[in-house]
Amino acid sequence: MLLRIENLSKTYPNGTRALDDVSLAIPQGMFGLLGPNGAGKSTLMRILATLQEPDAGSAFLGELSPGAGQGIDVLRDKEALRRTLGYLPQEFGVYPKVSAEDLLDHFAVLKGITGRDERRRLVDALLEQTNLQRDRGKQLGGFSGGMRQRFGIAVALLGNPRLIIVDEPTAGLDPEERVRFLNLLAELGQNSIVILSTHIVDDVSELCSRVAIIDRGRIRLEDDPQAAVTRMQGRIWRRVVARDELPRHQERYAVLSTKLLAGRTVVRVLAPERPEAGYEPAEPGLEDVYFAAMRETHAADAALFAADAKAAAPAFGPAGGAA
Ligand code: ADP
């Protein structure tokens, strides 16, 4: 399976450019779409889930084998896509007074599974898979955040989807629930494409086989997370600095992050060699990759802005000042 996304762009009526020429190749497995709030993740997820139209671009879901054709045209053949899609949106409502088992059964009927026995087997299997067996009779209103998310996945899995899209699913989960939920997604990734959108770096560092970093509607990096981290080897430097020294370091070096540690500030810098005495080599992590990608983005944007400002400068020059 491969989901090919080509040159997707989307500008909202108010002028916000949410997606700017996005292209991605998403293979089977768990794919992390990582970016800050407002980066364009939900817009991309909704377009792939056929809930929203892009202004331009295309997306195809198909087999990898030669001669398999180009697959399902996601934007045109919405019905076909929906039959193989499981989508867990950022927010979803449940009927608080209904039990997990009854609501899942109800959704199964809506999916067209009318045979009672077949439905019972399916509901059992899904509750088992999402580890909700013991809570099957409980009202959904009493579910914890993690239980709710797992129930959402059970619903999303009803049609046996090959493409599973989950939008910011770990927000608000406690650490144990989060790990359990991510493990469930990784398991699903063994047979399907699972796209996990998140702003949490740790969500993607261990379980995703691929990651894309998105910021301001553009893909800034697409890679195997481990490979991206390995490429940072030898280029991350760490130093504890006094608070009033921080501005000097920020001015002089490519500071990726600053963290308070027992009242002191720990700075991480990206540099080909030791920036100055006092910096120690540090083991890179995906967070460094993420901040480096963001940094490059902002530097490029600043350069572009400067160039734009220069080009526009005569308009702001002193009246009649031009030669
Ligand atoms: P993310 O999911 O990464 O937080 P979104 O796709 O929700 O990002 O939003 C991307 C950008 O588009 C943001 O600037 C957001 O404010 C804007 N946006 C999202 N939905 C709409 C909308 N319906 N109308 C106008 N702007 C929107």
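Start at 1 and go down the list; that is how both ligands and their atoms are numbered. Please read these numbers as outputs of a predicted model, since none were measured by experiment.
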Practice item. Please determine if K97 forms a cation-pi arrangement with Y95, meaning its NZ or CZ atom is less than 6.0 Å from the six-membered ring centre and no more than 45° off the ring axis. Key: no
**Study point:** R148 to F92 six-membered ring, cation-pi geometry met (6.0 Å, 45°)
**Key:** yes
For [atom], what is the nearest protein heavy atom, given as residue, atom name and distance?
| atom | result |
| --- | --- |
| atom 6 (O) of ligand 1 | T43 OG1, 2.5 Å |
| atom 8 (O) of ligand 1 | G40 N, 3.0 Å |
| atom 13 (C) of ligand 1 | G38 O, 3.6 Å |
| atom 26 (N) of ligand 1 | Y12 CD1, 3.4 Å |

Practice item. Work out which heavy atom in L19 is nearest to a heavy atom in G40; give both atom names and the distance. Key: CD2-O, 3.5 Å
Check your understanding: Which bit of P13 is near ligand 1, meaning a heavy atom under 4.0 Å away: side chain, backbone, both or neither?
Key -> neither
Revision key, fill the gap. Honestly, for T16 the part within reach of ligand 1 (heavy atoms, under 4.0 Å) is side chain
**Study point:** Which of the ligand 1 atoms, numbered from 1, are nearer than 4.0 Å to a heavy atom of P36
**Key:** 3 (O)
Point to revise | Distance filter under 4.0 Å to N37 heavy atoms, resulting ligand 1 atoms | key: 4 (O)
Exercise for review: Evaluate side chain to side chain donor-acceptor pair (under 3.5 Å) for S257 paired with E287, printing each intermediate quantity in order.
Suggested key: CA-CA 9 Å; S257 59; E287 204 171 71; 5.0 Å; no
Review point. Can D105 and R119 be said to form a salt bridge (Lys or Arg N to Asp or Glu O under 4.0 Å), step by step?
Key: CA-CA 7 Å; D105 184 76; R119 220 163 54 235; 2.9 Å; yes
Check your understanding: Okay, side chain of T198, backbone of L34: is any donor-acceptor separation there less than 3.5 Å?
Key -> no
Exercise for review: Answer yes when R121 and E118 have at least one side-chain N-carboxylate O distance shorter than 4.0 Å, and no when they do not.
Suggested key: no
Study note, to complete from the structure: Of A39, G35, G217, S42, the residue with the heavy atom nearest atom 2 (O) of ligand 1 is S42
Check your understanding: Are there protein heavy-atom neighbours of atom 16 (O) of ligand 1 below 4.0 Å?
Key -> no
**Study point:** Heavy atom of protein inside 4.0 Å of atom 22 (C) of ligand 1, strictly below
**Key:** yes
Review point. Should we count CD of E206 as having more than 12 external heavy atoms under 6.0 Å?
Key: no
